[in-house]
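In the text below, chain A, chain B and the rest are named by the order of the sequence lines, each starting its count at 1.
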Protein chains: 2
Amino acid sequence: MTESHPLWQQIAQTLEEELARALPGDRLPTETRLAARFGVNRHTVRRALAALAESGLVHARRGAGVFVAAQPTEYPLTRRTRFHGALSATGRVPGRRVLSVQSAPASETEAQVLALQAAAPVLRVEGVSLSDGQVIGHFRSAYPMGRLPGLAQHIQLGKGVTESLAACGVADYTRAWTRLTARNADAILAGHLQLRPGDAVMRLESMNQDPDGTPLEYGITHFAGQRVTLTVAPE
Amino acid sequence: MTESHPLWQQIAQTLEEELARALPGDRLPTETRLAARFGVNRHTVRRALAALAESGLVHARRGAGVFVAAQPTEYPLTRRTRFHGALSATGRVPGRRVLSVQSAPASETEAQVLALQAAAPVLRVEGVSLSDGQVIGHFRSAYPMGRLPGLAQHIQLGKGVTESLAACGVADYTRAWTRLTARNADAILAGHLQLRPGDAVMRLESMNQDPDGTPLEYGITHFAGQRVTLTVAPE
DNA sequence: ACCTATTTGTCCGTATGTATT
DNA sequence: TAATACATACGGACAAATAGG
């Protein structure tokens, strides 16, 4: 093809084809060696590797090298979505790390979604979700404190959402709705998810409610696109 | 801030905050001006702008400048997902452009999902979906020809999926399941969706069936992450 | 229709920082 | 500790697309 694509794209495509015959965890040649092989500057190779990393095919570790990436985790997205159970069912070991818990007056959006009066107190919980020890998601949730007295203590003890809600008298809850979109990770999110800025992530905005329809939780979760597949199935 | 975040990240964050007060279509200062303003090299500004572009916040046009991007389209994802109806309901004008129609023996995956014998004939349809004239998605579908005689003629006449299936005697169909993940667009997909390589896209793999559970369509759709929000709601 | 200045895109080269081995 | 390897930042040069005269 006389179609003169940029050098870095040609290199990326060549590498992508070769990656099809590689195994997850395999290490690529160093940037310097690749530059020598293709007869280009190291930065041109870096541009190509950046594209592959954005596609989730490889990931770089400073000082170590560039490695072939692994396979995704399945995550069913149903009305009764439970993080712990969802992952256990697919044979993964779930985990959770709470980064911060704080109470604050509800934002405009939170008040509206949770059906609260303006500036009513909410408990904000931020953390990351793990699958087999690897970070797959980052969540930021808001709980109405008025309806869930004592929730903060349980959350801070490291208990799961379902368990903590049960301790507050919530026997059951279901997901009312979910809004989904894809974004490129910014620097902060990439840090949480152990990705590179620009990597594709799925953004889920959702609300959970009790059987009476009372809102119990409003959250925004970001999943690492390359490590998670969401499944939407009828029940 | 002595907080040692890279320069380009700090610049990206500053610009992101300022973008919140900008209107879609607004033009940013040139790279050279921004470099002067932040007291850095032009390449450092470019790295920051690249991150914002990957997040879908801005869009660069060579020779013209960098511009603030536009707003997303809503797309409900239910058991009875109908492209035309879904968009009409949100006040958008839907559209579809078929790029190719061809018959071929089913691939291994197609045969398995559609419950066909190996290499049974399927009709493959590829095209793009429009909302208000703008490309929002790219689809590649496979239909079992044995169950849908004459489908090719209707599809080629430019009719919609629902309409074409109706002409083959399918009065109703529902979505059996959907698998979702986020990816970065490669060069080809970016071309179809009028995005830039590396932009976040949502990949939907889905199967539609008739009321008896007979598979009718297996397809993979990619939505432009910045232009579409999927909603998952219980029925 | 043509030219020109402007603006972004690509590529090279160099230097230095930081994490890993 | 030292060598290796990726990350950041700077500088320069030219190509390609755009906009305006």
P29(B): which residues meet the side chain to side chain contact (heavy atoms under 4.5 Å, CB included) condition with it, sequence neighbours left out? R33(B), L34(B)

Ring pair (Phe, Tyr, Trp, His ring centres under 6.0 Å) partners for H138(A), two or more places apart: H192(A)

What is the per-nucleotide protein-contact pattern of nucleotides 2-9 of chain D, from the 5' end, where B denotes a base atom under 4.0 Å from a protein heavy atom, S denotes such proximity for sugar-phosphate atoms only, and - denotes neither? ---BBBBB

Hits for side chain to side chain contact (heavy atoms under 4.5 Å, CB included) against R124(B), two or more places apart or cross-chain, chain-then-number order -> Q102(B), A104(B), S107(B), E110(B), V122(B)

Identify, with sequence neighbours excluded, every residue that meets salt bridge (charged side-chain N to carboxylate O under 4.0 Å, His left out) alongside R61(A). none

With sequence neighbours excluded, tell me which residues meet side chain to side chain contact (heavy atoms under 4.5 Å, CB included) with A60(B). V66(B)

